[in-house]
*Asks:* 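Would you mind keeping the following structure in view while I ask a few things?
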Amino acid sequence: MSRVRLQDLEKSFNKTSVVHGLSLEIHEGEFFSLLGPSGCGKTTTLRMIAGFETPEHGKIFFNNEEVTFKKPSARNTGMVFQNYALFPHLTVFENVAFGLQARKIPPAEMRPRVQEALQLVEMAGMESRPVTQLSGGQQQRVALARALAIRPAILLLDEPLSNLDAQLRKSTRAELKRLQRRLGITTIYVTHDQEEALALSDRMAVMNHGVLQQIGTPQEIYNAPQNLFVMNFIGSCNVLRGRIAEQRESFVLVVHEGGQIEIPRLNRTIAPAGAAVTIAFRPEHVRVTRDPASAKTTGDEIVFNGLWQTAEFAGAHWLVAVLVAGTRCFARMTPEEAQSILGAGFEALPVGERVALHIAGKNVRLLEAE
């Protein structure tokens, strides 16, 4: 196993910056995800770690050894590409053995190592089958077995589940997590799928336009996003614009188009008085009531008055839309919560009826205005 450290990495293509000033450390034996939208620089970062791209500035360390300019074959990393990069004219065995042959592993040692790798991914007994006769999920396992057969210190995965259907993707990611835990191998995983990253990662880094936005555990990233991009990208959120009017020891007074609210400080860093801020909260943290006249912000609960818009049934939950000071906000409610508002028959409320949104103060984020 290896620890990976990236120090001030810079990379451009055609004078366009793809990775800018990236520094982070990945712990030994950790499942670490690079997460972000297409074009954010996550795959380029992975390819620099693998040695397929060279940074224009900065350094890459495995443990305490600099590997910035080492060839891929000298880095002891195994990589699974998004399209798997299997050789269609070769059998399962020949594909898995390819990396071992390149390393000139003797045939007597090669066969047991291929079989060991295939057993790890539950593909034993399929050695002689052409890869063109395999399903997408099976091809993904062969690609993973090929990466594991060389016994790498670091496993690099570039969106390996993106070509699988939704159900297979979920079952395969559970197997991948189990396998990584069993082997204890340092794993760096690239994805744009937030659910995937949250489910798999010990820690994760969120990137945008080549810049690191936040790094932390899935719980830290989801529950305490440091900016609006992270909060919007990891899940969904409601956004109201405001300005800080006053700061006190226990709360911050924020003025917005619908009035003013007191938001608990909770030891958070707050912008100075007069600064524009974004008030953000997630739909699943919102409770809706039909008695806005008696709904007041008290203690740790924040209340926004609004006008009812729509309620949509989405299977496991209802998605309710409420207009707050001209901004459409959403609440994700359980069927029981929706029934308490809509009644036993889930009858739609009249559009424009006054309602109140309730959110626990700890679930409201005050973020820098963008």
Side-chain angles (χ1 to χ4, degrees), residues 206 208-209 211-216 219-311 319-333 337 341 349 351-370:
V206 183
N208 189 35
H209 297 308
V211 177
L212 178 64
Q213 301 293 309
Q214 187 172 350
I215 185 170
Q219 294 82 3
E220 289 168 343
I221 297 288
Y222 189 84
N223 294 321
Q226 292 179 356
N227 58 47
L228 187 57
F229 172 81
V230 174
M231 190 162 187
N232 251 327
F233 191 77
I234 308 294
S236 56
C237 70
N238 297 303
V239 172
L240 297 172
R241 308 295 177 182
R243 190 170 297 277
I244 293 179
E246 183 182 352
Q247 294 194 46
R248 302 220 176 150
E249 185 176 347
S250 59
F251 69 86
V252 179
L253 182 65
V254 179
V255 177
H256 64 100
E257 290 184 357
Q260 62 183 32
I261 55 169
E262 295 176 358
I263 298 179
R265 289 186 66 98
L266 299 177
N267 298 319
R268 293 179 290 202
T269 301
I270 304 296
V277 290
T278 297
I279 307 164
F281 50 94
R282 299 197 183 279
E284 62 268 30
H285 293 149
V286 179
R287 181 171 60 90
V288 182
T289 63
R290 295 181 64 178
D291 188 14
S294 63
K296 305 294 182 185
T297 295
T298 57
D300 190 36
E301 184 172 74
I302 293 170
V303 176
F304 296 101
N305 291 327
L307 304 176
W308 181 271
Q309 297 295 292
T310 60
L319 190 63
V320 169
V322 174
L323 206 61
V324 177
T327 298
R328 199 174 179 88
C329 294
F330 294 92
R332 186 177 296 128
M333 306 170 67
E337 290 170 334
I341 298 292
L349 294 185
V351 173
E353 180 166 330
R354 292 178 60 80
V355 294
L357 306 186
H358 303 249
I359 311 102
K362 66 180 182 180
N363 293 325
V364 177
R365 306 294 299 174
L366 269 186
L367 304 171
E368 183 178 343
E370 295 184 359

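Treat the numbers as computed from the prediction; the structure is a model and nothing was measured.
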*Asks:* May I have the step-by-step check of side-chain contact (heavy atoms from CB on, under 4.5 Å) for Asn238 and Phe330, ending in yes or no?
*Replies:* CA-CA 7 Å; Asn238 297 303; Phe330 294 92; 3.8 Å; yes
*Asks:* How many angstroms lie between atom NE2 of His285 and atom CD1 of Ile302, to the nearest 0.5 angstrom?
*Replies:*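 Going from NE2 on His285 over to CD1 on Ile302, the span is 13.0 Å.
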*Asks:* Taking the side chain as everything from C-beta on, heavy atoms only, tell me whether Ile221 gets closer than 4.5 Å to Val230.
*Replies:*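 The answer is yes, as the side chains (C-beta and beyond) meet within the 4.5 Å cut-off.
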*Asks:* What are the two closest non-hydrogen atoms of Pro225 and Leu367, and how far apart are they?
*Replies:*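 Between these two residues, the closest heavy atoms are O-CD2, 3.7 Å.
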*Asks:* How close do Arg332 and Glu337 get, heavy atom to heavy atom, and via which atoms?
*Replies:*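 Heavy atoms only, the tightest pair is O-OE1, 4.2 Å.
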*Asks:* Is it the case that the side chain of Glu262 and the backbone of Phe251 share a donor-acceptor pair, with hydrogens and angles ignored and the cut-off at 3.5 Å?
*Replies:*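 It does not hold such a pair.
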*Asks:* What do you reckon, is CD of Gln247 surrounded by more than 12 foreign heavy atoms closer than 6.0 Å?
*Replies:*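 More than 12 heavy atoms, drawn from other residues, nucleotides or ligands, come within 6.0 Å of this atom.
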*Asks:* State, to 0.1 Å, how close Leu240 and Cys329 come at their nearest heavy-atom pair, and which atoms those are.
*Replies:*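 Shortest heavy-atom separation between Leu240 and Cys329 comes out as CD2-SG, 4.0 Å.
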*Asks:* Atom CZ in Phe233, atom CD in Gln214: separation rounded to 0.5 Å?
*Replies:*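 So the CZ of Phe233 and the CD of Gln214 are separated by 13.0 Å.
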*Asks:* Could you list the donor-acceptor pairs under 3.5 angstrom formed by side chains in residues 273-282, with sequence neighbours left out?
*Replies:*
| from | atom 1 | to | atom 2 | distance (Å) |
| --- | --- | --- | --- | --- |
| Thr278 | OG1 | Arg241 | NH1 | 2.9 |
| Arg282 | NE | Tyr222 | O | 3.4 |
| Arg282 | NH1 | Met231 | O | 3.1 |
| Arg282 | NH1 | Ile234 | O | 2.8 |
| Arg282 | NH1 | Ser236 | O | 3.1 |
| Arg282 | NH2 | Tyr222 | O | 3.1 |
| Arg282 | NH2 | Ile234 | O | 3.0 |

*Asks:* Can you give me the closest heavy-atom contact between Asn232 and Cys237, atom names plus distance?
*Replies:*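 Answer, listing the atom of Asn232 first, then Cys237: OD1-SG, 3.3 Å.
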*Asks:* Side-chain contact, heavy-atom cut-off 4.5 Å: Ile263 with Ile261?
*Replies:*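 Answer yes - side chains close enough.
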*Asks:* Quick one: list whatever passes side-chain contact (heavy atoms from CB on, under 4.5 Å) with Ile341, sequence neighbours left out.
*Replies:*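 Val288, Arg290, Trp308, Met333, Leu349.
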*Asks:* Please tell me whether Gln213 and Asn227 have a donor and an acceptor in their side chains that are separated by less than 3.5 angstrom.
*Replies:*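 The answer is yes; a qualifying pair exists.
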*Asks:* Only one of Asn305, Thr289, Val322 forms a side chain to side chain contact (heavy atoms under 4.5 Å, CB included) with Val355, so which one is it?
*Replies:*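 For Val355, the side chain to side chain contact (heavy atoms under 4.5 Å, CB included) check succeeds only for Val322.
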*Asks:* With sequence neighbours left out, write down each residue that passes side-chain contact (heavy atoms from CB on, under 4.5 Å) with Leu323, or none if nothing qualifies.
*Replies:*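 Result, side-chain contact (heavy atoms from CB on, under 4.5 Å) vs Leu323: Leu307, Gln309, Arg328.
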*Asks:* With rounding to the nearest 0.5 Å, note down the distance linking CZ in Arg365 to CD in Gln226.
*Replies:*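 Rounded to the nearest 0.5 Å, the CZ-CD separation comes to 8.5 Å.
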*Asks:* Give a yes or no on whether His256 atom NE2 has more than 12 heavy-atom contacts from other residues, nucleotides or ligands under 6.0 Å away.
*Replies:*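 Above 12, so yes.
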*Asks:* Has Glu257 got more than 12 heavy atoms of other residues, nucleotides or ligands less than 6.0 Å from its CD?
*Replies:*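 It does not: Glu257 CD has 12 such atoms or fewer within range.
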